[in-house]
Participant: 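Encoded as structure tokens, here's the structure I'll be asking about.
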Amino acid sequence: EYLRVIVGGGVTVFLMFQITAIRGALGLSRPPLVVIVVGNVLNLLLAVLLVYGPGEAPTVFSWGPPIARALGVPRLEVVGAAWATVLARAVACSVPLVLLWRSLGVSRRKVPFWPTGDTLRRIVSLAWPTSTQFVVRVGAVLLVIALVHHAYTTTDNSDAGTAYALCLRMETMALFVSMGWGGAAQTFVGMNLGAGQRARALRAAWVIGAYNVATMALLAVVFIVWGRTLLGFFSDRGPILALADEYLRRVGPSYTAFGFAIVLGNALVGAGAARTALRLDASLVLAAQLPLLLVVTALLRQPATSLWNALVIVNLLSAVVYTLVWRKDA
């Protein structure tokens with residue numbers, strides 16, 4: 001039921017990403033940030049109302065049931081979280097969409113709703129490699145999830161699977177922060193190459209990559225020092241927290257390499273080499289990550305900590321490969 005609602009309303013998140021990307025390309029990066037913050041606040045408010053309704057709620061959310069009771073909001077539990085997310089995204093997208101429509105002068109310029117065939121083909125040719133690249137990256141995560149549950153989870157003990165699921169929540173922060181720096185690299189490289197400033201475009205990728213390395217190093221410190229405390233918000237089971245904390249301590253420092261590779265990958269896209277970035281990611285997953293993880297789990301039957309070490313190797317290898325490719329282009 002949750003999946004039907006969250007996937008059925010998936011158009012809202014696609015629209016939000018699209019609006020954010022367009023405004024970012026126009027140099028308007030702060031308004032999208034405001035939209036996302038407002039959307040998240042609204043998501044929390046709606047979630048409290050729709051998940052708990054007029055029934056019992058944790059003390060921290062005790063303000064919700066009286067409001068839900070007054071508004072006649074039912075208790076939907078887990079499905080309510082999905083509805084809260086979809087509704088919050090829809091509201092958060094509506095205002096910036098109208099503003100974008102006006103700022104671009106769509107009505108005044110009498111821009112047709114459907115692009116021409118040539119324009120549509122150009123859009124698809126630019127978009128499909130990057131979209132496929134995301135599919136490859138998500139597939140790599142699903143691979144790890146499958147191996148963790150296959151090799152380290154039983155009907156009597158699911159601690160490893162739960163621990164990795166918690167760490168993925170934390171790792172998402174590293175991914176999206178890196179994508180933010182990567183988006184800056186993609187825009188900056190593309191704009192400078194378009195202006196004929198090739199040396200500046202190439203240098204920008206290194207500089208932005210260095211900024212992200214510093215950001216990821218700071219995030220790694222937070223995860224190492226306060227990781228167990230942060231994980232405690234999701235679970236209070238000692239064995240799960242111990243496994244998750246060990247994951248963050250081992251893998252966290254490699255986020256610097258992971259983030260650097262993402263920035264250079266986006267820089268390649270900005271330089272018009274989206275297919276190259278796709279080939280690199282696919283090659284890393286199929287030729288390095290998949291064999292290495294299978295050897296650790298299926299052949300050598302090593303403990304989960306060895307799988308964490310393998311992920312560190314993959315992150316480091318990604319940074320090396322992308323660095324070599326970008327230096328070659330430079």
Side-chain angles (χ1 to χ4, degrees), residues 2-3 5-7 9-10 12-13 16-17 36-37 39-48 51 58 60-61 77-86 88-89 134-135 137-149 152-153 157-182 212 215-259 262 289 293 304-305 307-308 310-312 314-315:
Y2 176 93
L3 199 60
V5 176
I6 202 71
V7 174
T12 55
V13 71
M16 178 175 288
F17 281 137
I36 292 173
V37 171
N40 283 337
V41 172
L42 182 60
N43 194 346
L44 174 61
L45 296 176
L46 291 175
V48 172
V51 170
V60 68
F61 298 133
E77 299 183 342
V78 174
V79 181
W83 278 114
T85 299
V86 171
R89 286 173 181 166
F134 276 106
V135 173
R137 288 178 177 176
V138 172
V141 174
L142 294 177
L143 168 66
V144 179
I145 293 174
L147 290 176
V148 168
H149 282 274
Y152 308 115
T153 300
N157 187 340
S158 61
D159 290 351
T162 305
Y164 182 65
L166 295 182
C167 291
L168 276 181
R169 305 298 189 273
M170 312 289 283
E171 207 163 83
T172 300
M173 188 179 300
L175 172 63
F176 278 98
V177 170
S178 297
M179 286 175 60
W181 286 110
N212 193 38
T215 307
M216 290 297 101
L218 179 61
L219 189 63
V221 171
V222 171
F223 285 171
I224 291 173
V225 177
W226 294 289
R228 196 179 183 96
T229 301
L230 295 172
L231 291 166
F233 285 104
F234 304 100
S235 175
D236 58 358
R237 290 192 57 191
I240 293 176
L241 293 178
L243 278 169
D245 187 50
E246 183 68 20
Y247 177 94
L248 292 178
R249 289 179 178 276
R250 289 173 182 261
V251 182
S254 72
Y255 290 159
T256 53
F258 167 79
I262 288 180
Q289 182 170 340
L293 299 188
T305 51
L307 184 62
W308 309 158
L311 293 175
V312 171
V314 171
N315 287 341

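Along the sequence shown, residues are numbered consecutively beginning with 1. The shown structure was predicted, so the numbers you read here are calculated from the model rather than taken from an experiment.
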Participant: How long is the span from the CG atom in L243 to the CG atom in L248, to the nearest 0.5 Å?
Facilitator: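 Rounded to the nearest 0.5 Å, the CG-CG separation comes out at 11.0 Å.
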Participant: Please find the pair of heavy atoms, one from S158 and one from T153, that lie closest to each other, and give the distance.
Facilitator: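 Closest approach of S158 to T153: CA-CG2, 3.6 Å.
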Participant: Between OG1 of T85 and CG of N40, what distance do you get to the nearest 0.5 Å?
Facilitator: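 One gets 9.0 Å once the value is rounded to the nearest 0.5 Å.
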Participant: Let me know which of F223, F258, Y247 forms a side chain to side chain contact (heavy atoms under 4.5 Å, CB included) with E171.
Facilitator: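 When F223, F258, Y247 are each tested with E171, the side chain to side chain contact (heavy atoms under 4.5 Å, CB included) holds only for Y247.
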Participant: Quick one, L166 and S235 - any side-chain contact, counting heavy atoms below 4.5 Å?
Facilitator: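 They are in side-chain contact.
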Participant: Is there side-chain contact between L219 and T215, with heavy atoms separated by less than 4.5 Å?
Facilitator: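 No - every pair of side-chain heavy atoms lies 4.5 Å or more apart.
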Participant: To check you understand the geometry: which heavy-atom pair defines the closest contact between A47 and A84, and what is its length?
Facilitator: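 So the two residues come closest at N-CB, 3.4 Å.
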Participant: Looking at R250, is its backbone amide N or carbonyl O close enough to the side chain of S254 to form a donor-acceptor pair, meaning the two atoms are under 3.5 Å apart?
Facilitator: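 No; zero donor-acceptor contacts below 3.5 Å.
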Participant: Work out which heavy atom in G252 is nearest to a heavy atom in A220; give both atom names and the distance.
Facilitator: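 The pair with the smallest heavy-atom distance is O-CB, 3.4 Å.
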Participant: Does L168 form a side chain to side chain contact (heavy atoms under 4.5 Å, CB included) with V144? I'd like the steps, not just the answer.
Facilitator: CA-CA 11 Å; L168 276 181; V144 179; over 6 Å; no
Participant: Starting from the C-alpha separation in whole Å, work towards a yes-or-no answer on side chain to side chain contact (heavy atoms under 4.5 Å, CB included) for M179 and F134.
Facilitator: CA-CA 11 Å; M179 286 175 60; F134 276 106; 3.7 Å; yes
Participant: Could you check whether any side-chain N or O of N212 sits under 3.5 Å from a backbone N or O of G259, counting only pairs where one atom can act as donor and the other as acceptor?
Facilitator: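 Checked: pair present.
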Participant: Would you call the rings of F17 and F176 parallel, tilted or perpendicular, taking 30° and 60° as the class edges?
Facilitator: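 Geometry flag for F176 against F17: parallel rings.
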Participant: How far does OH of Y164 sit from CG of L311, to the nearest 0.5 angstrom?
Facilitator: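 Interatomic distance, Y164 OH to L311 CG, rounded to 0.5 Å: 6.0 Å.
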Participant: Supply the atom-to-atom distance L293 CG to L147 CG, rounded to the nearest 0.5 angstrom.
Facilitator: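 Rounded to the nearest 0.5 Å, the CG-CG separation comes to 6.0 Å.
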Participant: Calculate, to the nearest 0.5 Å, the distance between atoms CE and CD1 belonging to M216 and I262 respectively.
Facilitator: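 CD1 of I262 is found 8.0 Å from CE of M216.
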Participant: Do you know the tightest heavy-atom contact between L231 and D245?
Facilitator: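 That would be CD1-N, 3.8 Å.
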Participant: What are the two closest heavy atoms between D159 and P239, and how far apart are they?
Facilitator: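 Minimum heavy-atom contact is OD2-CB, 3.4 Å.
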Participant: Under the side chain to side chain contact (heavy atoms under 4.5 Å, CB included) rule, what do F61 and V51 come out as? Steps first, then yes or no, please.
Facilitator: CA-CA 11 Å; F61 298 133; V51 170; over 6 Å; no
Participant: What are the two closest heavy atoms between C167 and A244, and how far apart are they?
Facilitator: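 Residues C167 and A244, closest heavy atoms: SG-O, 3.4 Å.
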Participant: Between atom CZ of R89 and atom CG of L46, what is the distance when rounded to the nearest 0.5 Å?
Facilitator: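 One gets 12.5 Å once the value is rounded to the nearest 0.5 Å.
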Participant: Got more than 12 heavy atoms from elsewhere within 6.0 Å of CH2, W83?
Facilitator: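 No, because the 6.0 Å sphere around CH2 of W83 holds 12 heavy atoms or fewer from other groups.
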